[in-house]
Colleague: 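Handing you a structure now.
For clarity, every value in this text was computed on a predicted model and none was experimentally measured. Just the heavy atoms: all of them, side chains too, but no hydrogens, waters or symmetry mates, feed the values below.
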Amino acid sequence: MTGTAPPSTIRPVPPAERGGWWHAYVCPVHGVELEHEGLLSGAFPDAGARCRHGCRVDEPAVRGAWTVLAHQACARQIRALARSPHAADRHTAIDLLTGYARQYAALGAAPHEGAAEWMLRGRLFHQALTEAIWAVTIGQAARALREAGHPLPAEVTEFLRALVAAAGQARDALIRAGRFDSNYTAWLIAAGAVCSGRPEWLTGPQGLYAHVPVAVRPDGWEWEGSTYYHGFVLRAYLLALHAVRHVEVPGEVRDRLTAMAGVLESLTTLGGLLPALHDGPYDRPSAAYELTELRELLPLLGALPTTTEPVTLHRDAGYAVLRGAGLHAVVDFGPHGGSHGHLDKLALYLYGADTPWQPDPGQVPYAHRGWRRHYASTAAHPTFSVDGSDQAECAGYLIGHDNRSVAVGCDTAYPGVTARRELALRDGALVDELTVETDRPRLVVAHLRPDVDLTVWPSAGGALETDWAGRQKLLGAHAASVPADVLCRPGPGPANDPQRVRTWVDWTVPDATAVTFRSVYRMGT
């Protein structure tokens with residue numbers, strides 16, 4: 001009798017090749033991440049990597065990206081075997097770690113020659129970042145074996161030393177380049193801490209306790225202002241702390257880490273949706289796994305604060321979160337997010353408990369330049385545009401707030417244009433007023449960008465009504481202060497599938513000098 005082996009007993013076959021750049025694992029036609037198939041088999045799919053829209057893609061960059069994902073998956077499976085209650089599984093893990101040790105030693109000390117010039121290069125991977133993530137998992141597997149009473153072969157011990165040395169060299173390269181605050185640094189610190197267990201990776205002058213104050217804003221946000229990279233960095237910190245648990249965490253560092261956790265708690269809807277603000281992947285399965293791992297690590301910080309107020313303000317990153325009457329809204333008014341920023345100042349994102357009515361659309365894997373440009377653009381976001389062009393890379397500002405409302409503004413998205421957005425929880429509804437003033441008659445457009453089926457129909461006096469579908473239903477009533485045209489057109493949905501068509505609404509005033517777009521949102525039945 002035959003059957004499928006339990007996941008914990010599957011023996012993976014690590015690839016014999018070096019890994020490339022995982023962001024190249026994207027369909028060049030449809031812009032979707034390719035399917036994660038055969039990652040434990042050691043062999044790239046015979047017919048090519050599969051796209052959900054029917055393509056098969058086989059080219060060197062995609063093979064290299066698949067190899068990254070396969071190495072990462074194999075490391076996770078080795079960790080599962082190392083943590084198994086069965087001695088046979090643990091011995092299998094030792095054999096596999098020994099094989100990886102020989103493979104890594106054969107590479108020598110030189111970095112990967114196939115990587116792009118801009119990358120901080122690894123040895124087994126194009127990027128030192130992906131190598132550090134893999135090294136953390138390898139180190140966890142070795143630690144689990146030691147804790148189970150298994151002595152590690154000398155080759156594996158030397159392998160761990162080599163991973164620690166590589167992490168230190170890469171961290172030092174970032175410091176020389178003035179990039180100590182990078183999210184790479186957090187993972188290099190985690191790799192060093194997990195693979196060595198040594199406290200200097202936390203306490204040293206370039207350790208975790210030094211990194212936190214420079215990489216995390218006082219309001220608890222990682223400096224890039226991206227939900228994904230925020231959780232990415234916090235996960236690295238917690239993995240490092242978990243590996244060196246006997247070292248006391250300074251109070252100011254613990255407070256900042258607790259504030260980081262509080263950021264995610266304030267953003268998460270009652271149903272568990274986490275907005276993908278500023279360049280995060282939208283609804284990517286591996287991101288969901290990473291978020292689960294992060295939540296499992298949060299108890300290291302002790303009791304965490306809970307968000308109960310209707311309005312939460314993140315002053316440094318420039319987000320306000322409003323919760324009430326079943327709605328969860330986020331408005332973006334902060335600084336541009338650097339390479340991870342999008343051109344979406346004063347965007348308004350709307351969620352139900354587990355319905356993304358109008359989400360931040362996220363981002364595709366970076367190797368697809370066309371769709372990447374689209375998802376960074378103003379047109380892709382629920383904000384305003386002038387004369388059909390993108391906003392500048394700019395910052396907004398806080399005008400004022402109380403416990404039921406917030407007002408924000410931006411004067412630098414377009415020359416000669418000022419904008420403000422006022423949001424209030426009132427009478428069981430969310431009231432949104434977006435006002436744009438210009439120095440001369442200009443084309444001003446307010447965007448609605450749903451990720452649900454949207455019904456739009458005209459109402460009295462040039463007003464609109466909208467019906468947003470989903471597990472929770474949203475109703476909108478919309479009116480402009482001057483006559484406005486409404487253009488409903490098909491547009492791409494969020495970045496996990498650019499081929500998913502949604503109804504875009506462009507609420508347009510052709511020759512505006514001042515216009516207020518007013519919307520009232522309330523839950524439907």
Side-chain angles (χ1 to χ4, degrees), residues 26-34 51-55 273 275-277 279-284 332 342-344 346-352 355-365 368-391 432 434 443-459 462-480 483-510 517 519 521 524:
V26 61
C27 176
V29 175
H30 297 103
V32 296
E33 185 174 347
L34 298 167
C51 161
R52 74 186 68 170
H53 295 288
C55 305
L273 294 180
L277 304 175
D279 220 42
Y282 183 85
D283 196 24
R284 183 173 182 255
D332 178 352
H342 288 187
L343 305 174
D344 64 342
L346 303 195
L348 175 63
Y349 303 112
L350 299 172
Y351 303 83
T355 298
W357 290 311
Q358 182 166 262
D360 187 308
Q363 186 55 276
V364 296
H368 200 296
R369 291 177 294 179
W371 280 118
R372 187 183 181 194
R373 284 192 298 270
H374 165 78
Y375 285 107
S377 72
T378 301
H381 293 85
T383 182
F384 73 99
S385 61
V386 175
D387 295 335
S389 62
D390 276 331
Q391 297 177 1
D432 167 37
L434 172 63
L443 177 72
V444 176
V445 181
H447 306 163
L448 300 181
R449 298 291 183 262
D451 187 31
V452 293
D453 290 338
L454 181 72
T455 303
V456 183
W457 64 92
S459 187
L464 299 175
E465 294 186 23
T466 54
D467 187 322
W468 308 62
R471 292 180 180 173
Q472 295 83 42
K473 188 174 183 179
L474 181 68
L475 302 176
H478 315 267
D485 300 326
V486 177
L487 175 62
C488 293
R489 58 190 174 100
N496 64 324
D497 187 358
Q499 307 308 311
R500 184 167 70 247
V501 177
R502 295 303 191 193
T503 298
W504 282 17
V505 179
D506 290 342
W507 200 2
T508 306
V509 180
F517 302 97
S519 298
Y521 296 103

Colleague: Please identify each residue that fulfils side chain to side chain contact (heavy atoms under 4.5 Å, CB included) with Ala463, with sequence neighbours left out.
Modeller: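 Result, side chain to side chain contact (heavy atoms under 4.5 Å, CB included) vs Ala463: Ser459, Ala479.
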Colleague: Taking side chain as C-beta onward, heavy atoms only, is Pro494 less than 4.5 Å from Pro359?
Modeller: yes
Colleague: Assess whether atom CZ of Arg471 is packed by more than 12 heavy atoms of other residues, nucleotides or ligands within 6.0 Å.
Modeller: no
Colleague: Residues two or more places apart in sequence or in another chain: which of them pass side chain to side chain donor-acceptor pair (under 3.5 Å) with Asp467?
Modeller: Lys473
Colleague: Would you mind reporting whether Trp507 and Ser519 have side-chain heavy atoms less than 4.5 Å apart?
Modeller: yes
Colleague: Kindly write out the residues that satisfy side chain to side chain donor-acceptor pair (under 3.5 Å) with Asp360, not counting sequence neighbours, or none if the list is empty.
Modeller: Tyr349
Colleague: Does any N or O in the side chain of Gln391 come within less than 3.5 Å of the main-chain N or O of Phe384, such that one atom is a donor and the other an acceptor?
Modeller: yes
Colleague: With side-chain hydrogen bond (donor to acceptor under 3.5 Å, both in side chains) as the test, would you mind laying out the steps for His53 and Asp497 before giving the verdict?
Modeller: CA-CA 10 Å; His53 295 288; Asp497 187 358; 2.9 Å; yes
Colleague: Any side-chain heavy-atom pair from Gln358 and Val452 closer than 4.5 angstrom?
Modeller: no
Colleague: Can you name the side chain to side chain contact (heavy atoms under 4.5 Å, CB included) partners of Pro281, sequence neighbours left out?
Modeller: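 Result, side chain to side chain contact (heavy atoms under 4.5 Å, CB included) vs Pro281: Tyr228, Arg284, Ala287.
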Colleague: Test Thr383 against Thr378 for side chain to side chain contact (heavy atoms under 4.5 Å, CB included), laying out the working first.
Modeller: CA-CA 7 Å; Thr383 182; Thr378 301; 3.8 Å; yes
Colleague: Within the structure provided, determine whether Pro356 and Leu273 are in side-chain contact (heavy-atom separation under 4.5 Å).
Modeller: yes
Colleague: Between Gln363 (side chain) and Ala495 (backbone), is there a donor-acceptor pair under 3.5 Å?
Modeller: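 Absent.
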Colleague: If we count only N and O atoms by modelled type, under 3.5 Å, do the side chains of Tyr375 and Asp279 hold a donor and an acceptor together?
Modeller: no
Colleague: Look up atom CG in Leu343 and atom CG in Asp390, then write down how far apart they are to the nearest 0.5 Å.
Modeller: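 CG of Asp390 is found 5.0 Å from CG of Leu343.
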Colleague: Which atom names give the shortest non-hydrogen contact between Thr503 and Cys488, and what distance separates them?
Modeller: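 The answer is CG2-CB, 4.3 Å.
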Colleague: Who are the salt bridge (Lys or Arg N to Asp or Glu O under 4.0 Å) partners of Asp387, not counting sequence neighbours?
Modeller: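 Salt bridge (Lys or Arg N to Asp or Glu O under 4.0 Å) check on Asp387 returns Arg442.
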Colleague: Taking Arg449 first and then Asp344, would you say they form a salt bridge - that is, a charged N and a carboxylate O separated by under 4.0 Å?
Modeller: no
Colleague: Would you indicate whether the side-chain heavy atoms of Leu350 and Tyr521 approach each other to under 4.5 Å?
Modeller: yes
Colleague: For Leu487 and Val505, run side chain to side chain contact (heavy atoms under 4.5 Å, CB included): C-alpha distance rounded to whole Å, both residues' side-chain angles, the deciding distance at 0.1 Å, then the answer.
Modeller: CA-CA 6 Å; Leu487 175 62; Val505 179; over 6 Å; no
Colleague: List in chain and number order the residues that pass ring-ring contact (aromatic ring centres under 6.0 Å, His included) with His447, two or more places apart in sequence or in another chain; answer none if no residue qualifies.
Modeller: none
Colleague: Donor-acceptor check, side chain of Thr508 to backbone of Asp506, threshold 3.5 angstrom: yes or no?
Modeller: yes
Colleague: So does Pro492 get a backbone contact from the side chain of Arg502, meaning a donor-acceptor N/O pair under 3.5 Å?
Modeller: no
Colleague: Can you name the closest pair of heavy atoms from Cys27 and Cys55 and give their distance?
Modeller: SG-SG, 3.9 Å
Colleague: Can you sort out the partners of His374 under ring-ring contact (aromatic ring centres under 6.0 Å, His included), two or more places apart, ordered by chain and number?
Modeller: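 Only Trp371, Trp504 meet the ring-ring contact (aromatic ring centres under 6.0 Å, His included) criterion with His374.
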Colleague: According to side chain to side chain contact (heavy atoms under 4.5 Å, CB included), who are the partners of Val509, at least two apart in sequence or on a separate chain?
Modeller: Val482, Ala484, Ala512, Val515, Phe517
Colleague: Using atom types as modelled and distance alone, determine if a side-chain donor or acceptor of Gln499 lies under 3.5 Å from a backbone N or O of His30.
Modeller: yes
Colleague: If you define the side chain from C-beta out and look only at heavy atoms, does anything of Val26 sit under 4.5 Å from Leu34?
Modeller: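 With C-beta onward as the side chain, the pair stays apart.
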Colleague: Could you check whether any side-chain heavy atom of Asp451 comes within less than 4.5 Å of a side-chain heavy atom of Tyr282, counting everything from C-beta outward?
Modeller: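 SC-SC contact between Asp451 and Tyr282 confirmed.
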Colleague: For the residue pair Val364 and Gly31, what are the closest heavy atoms and their distance?
Modeller: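 Between these two residues, the closest heavy atoms are CG1-O, 3.5 Å.
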Colleague: With Arg373, which residues qualify under side chain to side chain contact (heavy atoms under 4.5 Å, CB included), at least two apart?
Modeller: Arg369
Colleague: Go through the structure and list residues passing side chain to side chain donor-acceptor pair (under 3.5 Å) with Arg52, not counting sequence neighbours.
Modeller: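 None.
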Colleague: To the nearest 0.5 Å, how far apart are SG in Cys51 and CD in Glu33?
Modeller: 11.5 Å
Colleague: Excluding sequence neighbours, so at least two apart, what forms salt bridge (Lys or Arg N to Asp or Glu O under 4.0 Å) with Asp485?
Modeller: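 By the salt bridge (Lys or Arg N to Asp or Glu O under 4.0 Å) rule, Asp485 matches no residue at all.
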Colleague: Does some side-chain heavy atom of Val32 sit less than 4.5 Å from a side-chain heavy atom of Asn496?
Modeller: no
Colleague: In chain order, what residues pass the side chain to side chain donor-acceptor pair (under 3.5 Å) check against Thr466, with sequence neighbours excluded?
Modeller: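 Residues passing side chain to side chain donor-acceptor pair (under 3.5 Å) with Thr466: Trp468, His478.
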